[in-house]
Amino acid sequence: MGDPRGFLTTARQDWPRRPVEERVRDWDEVYVPGALLPIISRQADRCMDCGIPFCHEACPLGNLIPEWNDLVSREDWRAASDRLHATNNFPEFTGRLCPAPCEAGCVLAINQPAVTIKNVEVAIADRAWSEGFAPPSPPDRLSGRTVAVIGSGPTGLAAAQQLTRAGHTVAVYEKDDRLGGLMRYGIPEFKMEKRHLERRVEQMRAEGTKFRTSTAVGRDVGAAELRARYDAVVLAVGATAWRELPLPGRELAGVHQAMEYLPLANRVCQGDLTASPMSAAGKHVVIVGGGDTGADCLGTAVREGAASVTQLDIYAQPGQERDEDFDPWPTYPKIYRLSAAHEEARDLESAPAADADARLFAASTLRFTGDADGRVRELHLVEVDAERRPLPGSGRTLPADLVLLALGFSGPDREDGLVEQLGLALDPRGTIARDADFATNVPGVFAAGDAARGQSLIVWAIAEGRAVAAAVDRRLTGATRLPAPIGPYDRPMTV
């Protein structure tokens, strides 16, 4: 423990964001560059080095949080980087994108603001890169075994890196033209600049991992053929089958899925397009869905210059404090949170009809109506109670030139034919069935990440990648020294 009284004498201080008026004019990350390091050692001092650190349990990776907090408080950045990377392949990803269940499980959070664990994590990761503490780690010798990893999201990349470092020859197959999965084309640049992703990919290449982009397994390469070519196959294809909203007017032009919209904006940032053909510029935008994907659409629409943008959430507006009856510590609480995108919409008054920031809570969509040319022009909604029952007399209409459906995902995409070609068994949710060793019903084929777990967080995706790598290594060699932080049936803490 760096300072035994740190949690008593130092207030929580988060990484400051750039002014709204400045950051909405560009696609750079929302935080003030360089503003984290001057405050982070004192913030790490707030860690109490608890006898039972529940932050470990709240984090599926089992991050050694008190250890690297102590090292940061002493400014031993190399040792802190070693302890952080011992459990997390990509801390610069989680430090930017994870909602930090570890902070919800922080013992200090029982009656005070939690330690800024996420900020400490990203500070260590960035310092590790700037100081050269994260060099490639190629294996000392090769095992002679080959593994194909299908999908290059956080699960696939984590599995590939672990298996490569264990000495196996690994090839990652990605259907898109660039690596990263939803981190590449689903996560906006203002949340994570893609240079962080490129840096890790280059590290993996230097370690020996091979990458095959623009290759959809099941379509460009036969799934059975691929299975015959490798000693093991890891399916990390994600859960990209989006949920639909089959309402009157769904067929109107201008009603799109969020994951049709976000990749185009990302391609503009990548330089592939000069402007998105689905741009929100000058349009009245309504986002259906109150989750993180909806917030990503919100921040993107604001930067594209939408005339207005409103986000609909079917749930009631949560309170500011944890409800101890329904979300007792150390579970992750449902409380009102103000993301960077919501802060921008609030300050710019982008949604005049919203309850708070850009959101309309307890709102259920009824139908869409359009003009004579078949383009959407209005969204009709109604307020609902806690049971999602419509409240009489609460109907209203919002102008809508662009409607984005951000309703989550139900399982792996079936269009490529991978599931059918391999003869994979699915569970009742539509995700890939697997046993306690991450193995599917097809010998030598393993499944991990959202494709098998269902839609989840990036920290769970990385944990799945590390765990499935251990299972594959054990199957190929009879034993493994790779860590397995979770099992396939583990779930976040709940009451």
Can you name the residues that form a ring pair (Phe, Tyr, Trp, His ring centres under 6.0 Å) with Trp242, not counting sequence neighbours?
none

Modelled atom types, side-chain donor and acceptor of Trp77 and Glu131, under 3.5 Å
no

Glu324 CD: over 12 foreign heavy atoms closer than 6.0 Å
yes

I'd like to know whether NZ of Lys210 has more than 12 heavy-atom contacts from other residues, nucleotides or ligands below 6.0 angstrom.
no

Checking Glu75 now: which residues fulfil salt bridge (charged side-chain N to carboxylate O under 4.0 Å, His left out) with it, not counting sequence neighbours?
none

Under 3.5 Å side-chain donor-acceptor pair for Arg184 and Gln270
yes

Sequence neighbours left out, what passes ring pair (Phe, Tyr, Trp, His ring centres under 6.0 Å) with Phe409? Give chain and number order.
none

Would you say the side chains of Arg178 and Tyr185 form a donor-acceptor pair under 3.5 Å?
yes

Testing the 3.5 Å rule here: is there a donor-acceptor pair between the side chains of Asn63 and Thr87?
yes

Answer whether the closest heavy-atom distance between the side chains of Asp357 and Leu298 falls below 4.5 Å.
no

Residues in ring pair (Phe, Tyr, Trp, His ring centres under 6.0 Å) with Phe93, at least two apart?
Phe90

Mind checking the CE-CG spacing from Met48 to Leu108? Nearest 0.5 Å is all I need.
4.5 Å

Tell me, yes or no, whether the heavy-atom count around Arg42 atom CZ, taken from other residues, nucleotides or ligands under 6.0 Å, exceeds 12.
no

Say whether, by atom type as modelled, one donor and one acceptor occur between the side chain of Asn119 and the main chain of Trp15 under 3.5 angstrom.
yes

List in chain and number order the residues that pass side chain to side chain contact (heavy atoms under 4.5 Å, CB included) with Thr9, two or more places apart in sequence or in another chain; answer none if no residue qualifies.
Asp3, Arg5

With a cut-off of 6.0 Å (strictly less than), are more than 12 heavy atoms of other residues, nucleotides or ligands near OH of Tyr315?
no

Measure the shortest side-chain to side-chain distance between Pro66 and Asn69 over non-hydrogen atoms and say whether it is less than 4.5 angstrom.
no

Would you check if the side chain of Glu29 reaches a backbone N or O of Glu193 as a donor-acceptor pair within less than 3.5 Å?
yes

Please check: side-chain N/O of His342 versus main-chain N/O of Leu338, any donor-acceptor pairing under 3.5 Å?
no

Review item, side-chain donor-acceptor pairs of residues 155-167, under 3.5 Å, at least two apart:
| unit_1 | atom_1 | unit_2 | atom_2 | d |
| --- | --- | --- | --- | --- |
| Thr155 | OG1 | Ala461 | O | 2.8 |
| Gln161 | OE1 | Asn89 | ND2 | 2.9 |
| Gln161 | NE2 | Gln203 | OE1 | 2.9 |
| Gln161 | NE2 | Glu207 | OE1 | 3.2 |
| Gln162 | OE1 | Asn89 | ND2 | 3.1 |
| Thr164 | OG1 | Ala160 | O | 2.8 |
| Thr164 | OG1 | Thr209 | OG1 | 2.7 |
| Arg165 | NE | Glu207 | OE1 | 3.4 |
| Arg165 | NE | Glu207 | OE2 | 3.1 |
| Arg165 | NH2 | Glu207 | OE2 | 2.7 |

For Pro485, does its backbone N or O pair with a side-chain atom of Arg466 as donor and acceptor, under 3.5 Å?
no

Donor-acceptor under 3.5 Å (Arg359 side chain, Ala354 main chain):
no

Are there more than 12 heavy atoms of other residues, nucleotides or ligands under 6.0 Å from atom CZ of Arg195?
yes

In chain order, what residues pass the side-chain hydrogen bond (donor to acceptor under 3.5 Å, both in side chains) check against Asp473, with sequence neighbours excluded?
His168, Thr480

Leu8 atom CG, over 12 foreign heavy atoms within 6.0 Å
yes

Can you list every pair that meets side-chain hydrogen bond (donor to acceptor under 3.5 Å, both in side chains) and has a residue in residues 454-464, with sequence neighbours left out?
Arg434-Glu464, Arg453-Glu464

Could I get the full list of salt bridge (charged side-chain N to carboxylate O under 4.0 Å, His left out) partners for Glu22, not counting sequence neighbours?
Arg18

Contacts of Trp27 meeting ring pair (Phe, Tyr, Trp, His ring centres under 6.0 Å) (sequence neighbours excluded), chain-then-number -> none

Is atom CG of Asp292 surrounded by more than 12 heavy atoms (other residues, nucleotides or ligands) closer than 6.0 Å?
no

What residues, two or more places apart in sequence or in another chain, satisfy salt bridge (charged side-chain N to carboxylate O under 4.0 Å, His left out) together with Arg475?
none

So, using side chain to side chain contact (heavy atoms under 4.5 Å, CB included) as the criterion, who are the partners of Leu179 when residues are at least two apart?
Ser152, Glu174, Val201, Arg205, Phe211, Thr213

Side chain Arg12, main chain Ala114, donor-acceptor under 3.5 Å:
yes

Hey, does the side chain of Arg267 reach the backbone of Asp272 with a donor-acceptor pair shorter than 3.5 angstrom?
no

Are Asn266 and Lys194 close enough that some pair of their side-chain heavy atoms sits under 4.5 Å apart?
yes

So, does Asp490 use its side chain to make a donor-acceptor pair with the main chain of Gly487 at under 3.5 Å?
yes

Is it true that a side-chain atom of Asp355 and a backbone atom of Phe361 form a donor plus acceptor pair closer than 3.5 Å?
yes

Indicate yes or no for a side-chain donor-acceptor contact from Arg200 to the backbone of His196 under 3.5 Å, with no hydrogens or angles considered.
no

